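Chain A is the first sequence line, chain B the second, and so forth, proteins listed ahead of strands; every chain is numbered from 1. As the structure is a prediction and not an experimental result, all values here were calculated from the model.
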There are 2 protein chains.
Amino acid sequence: MGEHREQGYTPRQRAVLERALELLVAGGEKAVTTAGVARAANCSKESLYRWFGDRDGLLAAMIAHQASKVRTFADDGEPMDRVHFRAHLVAFARDLLDVLSGEVSLALNRLAIGQASREESRLGRLLVAQGRRRIDEGAIALLEAGRRNRHIAYDDADDAYRTLYGLVVRDLHVRMLLGESGARRHEKFAAMAEGAVERFFALHGVREKERADTA
Amino acid sequence: MGEHREQGYTPRQRAVLERALELLVAGGEKAVTTAGVARAANCSKESLYRWFGDRDGLLAAMIAHQASKVRTFADDGEPMDRVHFRAHLVAFARDLLDVLSGEVSLALNRLAIGQASREESRLGRLLVAQGRRRIDEGAIALLEAGRRNRHIAYDDADDAYRTLYGLVVRDLHVRMLLGESGARRHEKFAAMAEGAVERFFALHGVREKERADTA
DNA sequence: ACAGAACCGTACCGTACGGTACGGATAGAG
DNA sequence: CTCTATCCGTACCGTACGGTACGGTTCTGT
């Protein structure tokens, strides 16, 4: 068969998932009906069921498909001066805010949260595992690099990362999930990222003289 | 009419809302059917529609009903020493974690988030306005009292509060909403509250000598 | 005691959706 | 050219739910 699938799904199937995501963003979970997706994507319901099993399989496929678009920090082991490390942190904070405030991200998180009550939250675990986990690991790698270069200090990397996350996101994610329009002030994200990193250094930063002492 | 309504709803109606909340906690939004609520509460669907208008009205009433059970810090204007202020902060942090991790709270937040896509997120705004807002105001009053007594310092009370919130909650709320079972480690909340307040003082605390200087 | 309102339980209606089946079109394999 | 597999479009089925109607019962105010 000549179908060249890049990520587990054929191009045709990915196109269908894209249309399904558009429906989800526009109208929430209830807008993602099998008939609606088939009509929007110009495919038959029969094909949907052959490709994704059932409606839940389709929803899971939408999450898996979207999760295959996350970039992350790669630790190259090279030394990094304080200015660059700080810039990396600010960039991470800004990226995080951008990702969390994205329409598709919000729609998928709403979907997974809405399903969390029943069926032991399959979609929630899928979303965390495929989306969030990779972001977390990239950020922790960044923190480890910062500690190795004596820019910051902490005992528990995971704990430090969660503190950074809290300082950056605060209650913004939930407010956006709840639909509070004022929360998505995209133009304020840069200042928010700066402030968060500033506070993070106040908690975990190593002063230059101390850095020399412990080096 | 002899019906003594305490909070906008008669006792009978509140009992019905309680049963509806149980259904919501047990099975999510889809479990809250008009027939199901009527059966569980031993009332007729006709009464449900007379009391709450339609299904959305019932959901809104559930939120309003639940929101009428929030205690908050009341600022009495009296001086407060540092130990007591710190204890108040830790108690607030612990209360916040307890509230957010409560089954009913999680279920209602999931409900409001699930509806946030369509109908301009009525329930979301209702939940924020009736539930969260009061918690926020109580906490900000507490912070103001702490600043008045020179225990902490900040420029923007709202900004300082959001920092505190982020340090306390981090990404815990969203993880719980997604159904991550490991997130609801109830027994760790005390330590988390302590740590968060510790960090908050590191950012906004006023040292005793500085306190004397500026007094 | 009586009238009227509120209420319960059940039955009923229309609709929308998940899932299946089928006929016809298309395209690649031999 | 023919056979076969995939696919589209539509029609179809069963169910579940939101909302309404109605008869019978209990409660309330006078």
Side-chain angles (χ1 to χ4, degrees), chain A residues 1-5 8-24 26-63 110-111 114-115 117-119 122-123, chain B residues 1-6 8-24 26-63 107 110-111 114-115 117-119 122-123:
Chain A
M1 44 182 75
E3 54 181 31
H4 58 105
R5 52 180 62 197
Y9 295 113
T10 68
R12 175 71 176 127
Q13 289 165 358
R14 289 204 297 274
V16 171
L17 292 176
E18 282 297 326
R19 303 295 290 174
L21 281 176
E22 291 173 15
L23 289 181
L24 179 69
E29 177 187 347
K30 306 201 75 165
V32 184
T33 66
T34 55
V37 172
R39 194 179 331 115
N42 290 321
C43 75
S44 70
K45 290 173 65 173
E46 198 177 9
S47 299
L48 288 184
Y49 283 95
R50 177 170 32 249
W51 294 334
F52 308 111
D54 58 2
R55 183 173 182 270
D56 278 355
L58 172 63
L59 298 179
M62 292 165 65
I63 290 181
R110 288 195 185 110
L111 170 64
Q115 301 249 330
S117 311
R118 48 190 176 282
E119 67 156 336
R122 265 188 55 243
L123 294 185
Chain B
M1 45 182 80
E3 54 180 34
H4 58 108
R5 52 179 64 197
E6 299 174 5
Y9 295 115
T10 68
R12 174 72 175 127
Q13 289 165 357
R14 289 203 297 274
V16 171
L17 293 176
E18 283 297 325
R19 303 294 291 175
L21 282 175
E22 292 173 16
L23 289 180
L24 179 70
E29 176 187 349
K30 306 200 78 164
V32 184
T33 66
T34 55
V37 172
R39 194 178 332 113
N42 290 320
C43 75
S44 69
K45 289 173 67 173
E46 198 178 9
S47 299
L48 287 183
Y49 283 95
R50 178 170 31 246
W51 294 335
F52 308 111
D54 57 4
R55 182 172 181 271
D56 279 355
L58 171 63
L59 297 179
M62 291 166 64
I63 291 181
R110 290 195 184 108
L111 169 65
Q115 301 249 328
S117 312
R118 49 189 176 283
E119 67 154 335
R122 265 187 56 243
L123 293 186

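The shortest distance between the side-chain N/O atoms of B:T34 and the OP1/OP2 oxygens of D:dG18 is below 4.0 Å.
Between B:Q13 atom CD and C:dC7 atom P there is a gap of 7 Å when expressed in whole angstrom units. If you take NZ of A:K30 and C1' of C:dT15, they are 12 Å apart, rounded to a whole angstrom. For the pair B:D54 CG and C:dT15 C1', the computed distance is 17 Å after rounding to whole Å.
Under 4.0 Å is where a charged nitrogen must lie from a carboxylate oxygen, and between B:R55 and B:E29 at least one such pair does.
Where A:T33 and B:R12 meet DNA chain C, the nucleotide closest to each residue was compared, and B:R12 sits on the side nearer the 5' end.
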Starting from the C-alpha separation in whole Å, work towards a yes-or-no answer on side-chain contact (heavy atoms from CB on, under 4.5 Å) for A:D56 and A:R122. CA-CA 10 Å; A:D56 278 355; A:R122 265 188 55 243; 4.2 Å; yes
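By the side chain to side chain donor-acceptor pair (under 3.5 Å) test, B:T34 is found to be paired with no residue, residues two or more places apart in sequence or in another chain being considered. Not a single salt bridge (charged side-chain N to carboxylate O under 4.0 Å, His left out) links B:E46 to another residue, sequence neighbours left out.
The shortest non-hydrogen separation linking A:L48 to A:V16 is CD2-CG1, 3.8 Å.
Listed by residue number, the members of residues 39-53 of chain A with any heavy atom below 4.0 angstrom from DNA chain D are A:N42, A:C43, A:S44, A:E46, A:S47, A:R50, A:W51.
A distance-only check finds no donor-acceptor pair linking the side chain of B:R110 to the backbone of A:G114 [under 3.5 Å].
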